[in-house]
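Structure record follows, encoded as structure tokens.
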Amino acid sequence: DRKGNIIGQIEKWEAHRKGILHRALTVALIYKDYYIIQHRKHPAFDGVFDITSSSHQLYINGKLQTTLEATYQCLEREWGITKKDLLYVPKNLGAVYYKAKDKKSIFTEHEVCEILVSKVKKLPTPNFDFAYGISLVKKEELLNKKSRVYENLAPWVIETINQKML
């Protein structure tokens with residue numbers, strides 16, 4: 001539900017095809033004074049800018065992953081990052097609710113998305129199976145509604161900014 005309570009289980013692509021509300025996470029990584037922006041390569045919202053990666057808490061052997069477990073799995077898969085590469089355990093800033101139809105696909109994101117942030121010790125290299133590339137962006141540019149970066153942000157990142165969570 002909109003409060004993040006689990007009321008059932010659904011396969012993630014079915015949820016995206018039907019626009020069914022589900023849980024998600026976005027992790028923002030900071031390198032020095034820059035946010036790492038991923039130029040997203042994905043069936044849903046392909047080509048948008050994400051901050052830094054987004055994923056879902058999945059059921060594994062009948063048990064839902066914690067947000068932190070799913071975050072570490074996402075960072076390993078999409079960036080080759082492990083816990084030792086982070087300056088601190090990702091901090092959970094809370095969750096945003098949003099619904100957005102992808103104009104270029106059949107998918108709809110309808111999520112309660114938990115937002116996490118951490119800093120990295122060194123600049124990671126993305127897994128190009130999940131990214132076209134990356135950018136380093138100062139917070140001021142990220143928040144500037146007239147910037148090229150802002151115009152291309154994923155809807156969940158815009159909602160995060162609107163909620164003043166970054």
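Only heavy atoms go into these numbers, but all of them, side chains included; no hydrogens, no water, no symmetry mates. Predicted model, so just to flag it, every value in this text is computed and none were measured.
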Contacts of type ring pair (Phe, Tyr, Trp, His ring centres under 6.0 Å), residue F45, not counting sequence neighbours = W156

So, does E109 use its side chain to make a donor-acceptor pair with the main chain of K101 at under 3.5 Å?
-> no

Just by modelled atom types, is the V89 backbone N or O under 3.5 Å from a matching donor or acceptor in the S118 side chain?
-> no

Heavy atoms only: give me the nearest L64-Q57 pair and the separation to one decimal.
-> CD1-O, 3.6 Å

Treat each ILVMFWY residue as a node, draw an edge where side-chain heavy atoms are under 4.5 Å apart, and state whether V149 and V27 are in one component.
-> no

What residues, two or more places apart in sequence or in another chain, satisfy salt bridge (charged side-chain N to carboxylate O under 4.0 Å, His left out) together with K18?
-> E14

Scan side-chain atoms only and decide if Q38 and T52 contain a donor-acceptor pair under the 3.5 Å cut-off.
-> no

Per-pair distances, 0.1 Å, donor-acceptor, side chain in residues 128-140, under 3.5 Å, sequence neighbours excluded:
from: Y132; atom 1: OH; to: D46; atom 2: OD1; distance (Å): 2.8
from: Y132; atom 1: OH; to: D46; atom 2: OD2; distance (Å): 2.8
from: K139; atom 1: NZ; to: L166; atom 2: O; distance (Å): 3.4

With sequence neighbours left out, write down each residue that passes side-chain hydrogen bond (donor to acceptor under 3.5 Å, both in side chains) with D1, or none if nothing qualifies.
-> N5

Exercise: identify the closest heavy-atom pair between V112 and A95 = CG1-CB, 3.9 Å

Who pairs with Y97 by ring pair (Phe, Tyr, Trp, His ring centres under 6.0 Å), at least two apart in sequence or on another chain?
-> H110

Within one Ile-Leu-Val-Met-Phe-Trp-Tyr cluster: L142 and V96, side-chain cutoff 4.5 Å | yes

Identify the heavy atoms of K145 and N162 that sit nearest to each other, and give their distance.
-> NZ-OD1, 4.1 Å

Measure the CD-CD1 distance between E76 and I81 for me, rounded to the nearest 0.5 Å.
-> 9.0 Å

Determine whether more than 12 heavy atoms belonging to other residues, nucleotides or ligands lie under 6.0 Å from atom NZ of K119.
-> no

OH of Y150: more than 12 outside heavy atoms within 6.0 angstrom?
-> yes

ILVMFWY clustering at 4.5 Å (side-chain atoms), partners of I20 = I10

Could you identify which residues cluster with W13, counting Ile, Leu, Val, Met, Phe, Trp and Tyr as linked when any side-chain heavy atoms lie under 4.5 Å apart, either directly or through a chain of such contacts?
-> I106, F107

Between CD1 of I37 and CG of L29, what distance do you get to the nearest 0.5 Å?
-> 10.0 Å

Test side-chain hydrogen bond (donor to acceptor under 3.5 Å, both in side chains) on S54 and R40 and set out the steps.
-> CA-CA 9 Å; S54 296; R40 184 175 160 98; 4.7 Å; no

Starting at CD of E78, measure out to CG of D50 and round the result to the nearest 0.5 Å.
-> 8.0 Å

When rounded to the nearest 0.5 angstrom, what distance separates CZ in R23 from OG in S55?
-> 12.5 Å

Residue pairs passing the side-chain hydrogen bond (donor to acceptor under 3.5 Å, both in side chains) test with at least one member in residues 83-96, sequence neighbours excluded, are T82-D85, N92-E114

Does L87 belong to the same Ile/Leu/Val/Met/Phe/Trp/Tyr cluster as Y34, with side-chain heavy atoms less than 4.5 Å apart forming each link?
-> no

So, for S105 and A44, which heavy atoms are closest and what is the spacing to 0.1 Å?
-> OG-CA, 4.4 Å

Heavy atoms, side chains only, cut-off 4.5 Å: are K99 and T108 in contact?
-> yes

Identify whether V120 and L68 are in the same connected component of the hydrophobic contact network (ILVMFWY, side-chain heavy atoms under 4.5 Å).
-> yes

Kindly indicate, with the supporting measurements, whether the criterion side-chain hydrogen bond (donor to acceptor under 3.5 Å, both in side chains) is fulfilled by E141 and S147.
-> CA-CA 6 Å; E141 183 179 1; S147 75; 4.9 Å; no

For the residue pair T26 and I51, what are the closest heavy atoms and their distance?
-> CG2-O, 3.0 Å

Straight-line distance of K104 NZ to D102 CG, nearest 0.5 Å = 7.0 Å

Checking side-chain contact (heavy atoms from CB on, under 4.5 Å) for the pair V48/L153: CA distance, chi angles, key distance, verdict?
-> CA-CA 6 Å; V48 301; L153 287 173; over 6 Å; no

What distance separates I161 CD1 from I115 CD1, expressed to the nearest 0.5 Å?
-> 10.0 Å

What residues form a side-chain hydrogen bond (donor to acceptor under 3.5 Å, both in side chains) with E111, not counting sequence neighbours?
-> H22, H56, Y98

Side chains of V117 and L93: does their closest heavy-atom pair fall under 4.5 Å?
-> yes

Under 3.5 Å, is there a donor-acceptor pair linking the side chains of W79 and T125?
-> no

Quick one: list whatever passes side-chain hydrogen bond (donor to acceptor under 3.5 Å, both in side chains) with T160, sequence neighbours left out.
-> none

When clusters are formed by joining ILVMFWY residues with side-chain heavy atoms under 4.5 Å apart, either directly or through shared neighbours, do L75 and L25 land in the same one?
-> yes

Residues in side-chain hydrogen bond (donor to acceptor under 3.5 Å, both in side chains) with Q73, at least two apart?
-> Q65

By ring pair (Phe, Tyr, Trp, His ring centres under 6.0 Å) - contacts of Y35 (at least two apart) | none

E69 side chain to T66 main-chain N or O, any donor-acceptor pair under 3.5 Å?
-> yes

